[in-house]
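Notes follow the structure.
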Amino acid sequence: MAASAASSLQITIARPSILSTKRISSFCSTKFGGETRKLSCNRLASSCHVSSIQHFWRSFTSTTQKLQKVVTKAKSEADDSKPASVLPIDLRGKRAFIAGIADDNGYGWAIAKSLAAAGAEILVGTWVPALNIFETSLRRGKFDESRVLPDGSLMEITKVYPLDAVFDSLEDVPEDIKTNKRYAGSSKWTVSEVAESVKEDFGSIDILVHSLANGPEVTKPLLETSRRGYLAAISASSYSYVSLLKHFLPIMNPGGSSISLTYIASERIIPGYGGGMSSAKAALESDTRVLAFEAGRKQKVRVNTISAGPLRSRAAKAIGFIDMMIDYSIANAPLQRELSADEVGNTAAFLASPLASAITGAVIYVDNGLNAMGVGVDSPIFKDLNIPKSTE
């Protein structure tokens with residue numbers, strides 16, 4: 001288990017460079033002198049933890065064409081001749097359940113990596129129809145580059161559970177889903193069953209992450225959205241979080257942390273993000289505040305949500321205009337740079353750590369400051385204004 005981690009780590013900022021998604025893992029391995037191990041079908045080893053948020057909120061400098069990565073720099077215990085000068089993000093001995101990971105390029109995966117780098121044990125809940133592909137990809141090493149941690153080891157996923165967070169119990173599942181061939185061979189995948197399985201397997205968890213959303217009519221304007229499509233978006237994208245916390249809270253250790261992901265469309269108009277998804281995100285943020293009160297009083301568990309900027313994930317590409325949203329963000333956000341999934345992952349690691357022990361019921365924006373803007377400064381209307389721009 002990651003509790004045996006022997007290195008302390010420090011978050012630093014990499015110098016601006018053009019790093020592709022494919023090259024970042026090999027860069028990290030070379031940078032830190034670690035030797036990436038071959039994938040083992042049964043154990044994917046990890047032994048490191050993150051120990052600093054000193055630079056976490058530092059402003060980053062970049063051009064609109066360069067993506068600056070946040071990486072984690074290892075500091076060996078053997079160098080402890082000097083007093084520690086950094087704050088630790090130490091999650092050794094903690095166990096996390098992340099719901100909604102089905103590939104290696106979304107925010108859920110990035111959160112899992114950051115938690116693992118901080119020393120947490122990782123459990124994953126994967127949508128049932130995607131389970132076989134996800135597990136096969138893990139076994140065959142297709143995610144090996146993406147699994148590389150700052151010390152060169154590979155992120156360990158202790159267990160993957162089948163999960164469909166739309167259903168609380170087996171009684172809620174309609175017959176056509178039960179008999180669907182995409183669900184064949186899987187069992188105990190409703191929320192209550194998964195929570196019970198985790199309890200039987202591990203006893204308890206410390207961190208719960210909700211990283212899933214779905215709106216079957218997301219490309220439709222709200223006025224063209226059906227009741228069924230609207231309610232489906234609410235069920236999959238917001239009530240699923242209520243259900244997860246409801247069923248996992250009894251096995252969460254006091255002092256634990258629960259985190260979800262939201263989007264600025266909850267409070268601003270984002271044309272094209274329809275089908276009730278903006279309403280679902282607004283509900284998620286409102287529920288975060290109420291759940292923070294109830295879970296805090298009942299189990300001393302903190303509840304927060306991260307409002308993340310646009311990312312070229314598989315799920316986001318389904319909307320159809322993610323590239324446009326990223327370009328808009330780079331042109332208009334206070335920090336003119338593309339957002340990295342790792343930055344959201346590192347924020348989650350901070351929120352899950354004792355360093356955030358007084359933060360609950362909050363919406364934490366990780367979007368290069370785009371949420372602060374009232375207008376799009378790339379509009380021709382502002383062409384004669386002296387608007388500050390990146391100097392590089």
Side-chain angles (χ1 to χ4, degrees), residues 2 9-11 49-58 70 72 86-101 106-124 155 205-213 238 241-242 244-245 248-249 252-264 266 281 284-296 299-309 311 339-369 371:
L9 305 172
Q10 174 179 348
I11 290 181
H49 69 282
V50 176
S51 67
S52 173
I53 62 163
Q54 179 174 333
H55 306 290
F56 210 86
W57 306 105
R58 182 172 295 176
V70 174
T72 319
V86 295
L87 289 174
I89 296 183
D90 189 349
L91 298 177
R92 289 174 296 178
K94 305 297 183 181
R95 183 178 295 115
F97 182 88
I98 301 104
I101 297 180
Y107 284 133
W109 179 270
I111 290 172
K113 281 189 66 176
S114 290
L115 295 178
E121 181 179 14
I122 305 300
L123 311 177
V124 167
M155 174 177 66
I205 64 171
D206 304 277
I207 303 162
L208 176 66
V209 178
H210 176 275
S211 178
L212 53 89
S238 56
Y241 184 43
V242 177
L244 276 170
L245 191 53
F248 275 87
L249 188 63
M252 292 189 71
N253 294 318
S257 174
S258 183
I259 302 165
S260 65
L261 291 168
T262 185
Y263 183 49
I264 192 65
S266 63
K281 292 302 184 182
L284 181 67
E285 293 180 16
S286 178
D287 291 343
T288 294
R289 292 183 282 272
V290 177
L291 292 172
F293 172 74
E294 296 182 1
Q299 196 74 2
K300 294 185 172 67
V301 167
R302 296 179 293 107
V303 182
N304 294 291
T305 188
I306 298 173
S307 183
L311 177 75
L339 183 69
S340 163
D342 295 337
E343 291 166 319
V344 172
N346 291 339
T347 302
F350 163 69
L351 289 174
S353 77
L355 293 175
S357 59
I359 301 176
T360 192
V363 178
I364 306 297
Y365 296 95
V366 185
D367 63 356
N368 289 321
N371 71 91

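All values reported here derive from a predicted model rather than from experimental measurement.
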Taking side chain as C-beta onward, heavy atoms only, is I111 less than 4.5 Å from L261?
yes
Please report the shortest heavy-atom distance between A116 and M155, naming the atom on each side.
CB-CG, 3.7 Å
Rounded to the nearest 0.5 Å, what separates atom OG1 in T262 from atom OH in Y365?
8.0 Å
Taking every non-hydrogen atom, the tightest pair across I306 and V344:
CD1-O, 4.0 Å
Whether the Y241 and T288 side chains hold a donor-acceptor pair (N or O, under 3.5 Å, no angle test) is what I'd like checked.
no
Starting from the C-alpha separation in whole Å, work towards a yes-or-no answer on side-chain contact (heavy atoms from CB on, under 4.5 Å) for S211 and I101.
CA-CA 7 Å; S211 178; I101 297 180; 5.7 Å; no
Please report the interatomic distance CE(M252) to CZ(F97), rounded to the nearest 0.5 Å.
11.5 Å
Over all heavy atoms of both residues, which pair between S257 and L351 is shortest? Give the atoms and the distance, please.
OG-O, 3.3 Å
Has the side chain of D367 got a donor or acceptor atom that lies under 3.5 Å from a matching backbone atom of A308?
no
Can any side-chain N or O of S238 pair as donor or acceptor with the backbone N or O of K281 at less than 3.5 Å?
no
Show the nearest heavy-atom pair for residues G108 and I98, with the distance to one decimal.
O-CG2, 4.0 Å
First locate atom OH of Y107, then atom CG of D342, and finally report the distance between them rounded to the nearest 0.5 Å.
10.5 Å
Which distance, rounded to the nearest 0.5 Å, do you find between the CZ of R95 and the CG of L115?
13.5 Å
I'd like to know if the side chain of N253 reaches the main chain of D206, judged simply by a donor and an acceptor atom lying under 3.5 Å from each other, with no hydrogens or angles considered.
no
Minimal non-hydrogen separation, L91 against S353, with atom names
CD2-CA, 3.8 Å
Measure from the side-chain N and O atoms of E285 to the backbone N and O of S266, and report whether any donor-acceptor pair falls under 3.5 Å.
no
Please confirm whether the backbone N or O of N346 pairs with a side-chain atom of S114, one donor and one acceptor, at under 3.5 Å?
yes
Hey, which of V363, D287, I259, L291 is the one that makes side chain to side chain contact (heavy atoms under 4.5 Å, CB included) with T305?
V363
Looking only at heavy atoms, what is the nearest atom pair of L339 and G309, with distance?
CD2-N, 3.4 Å
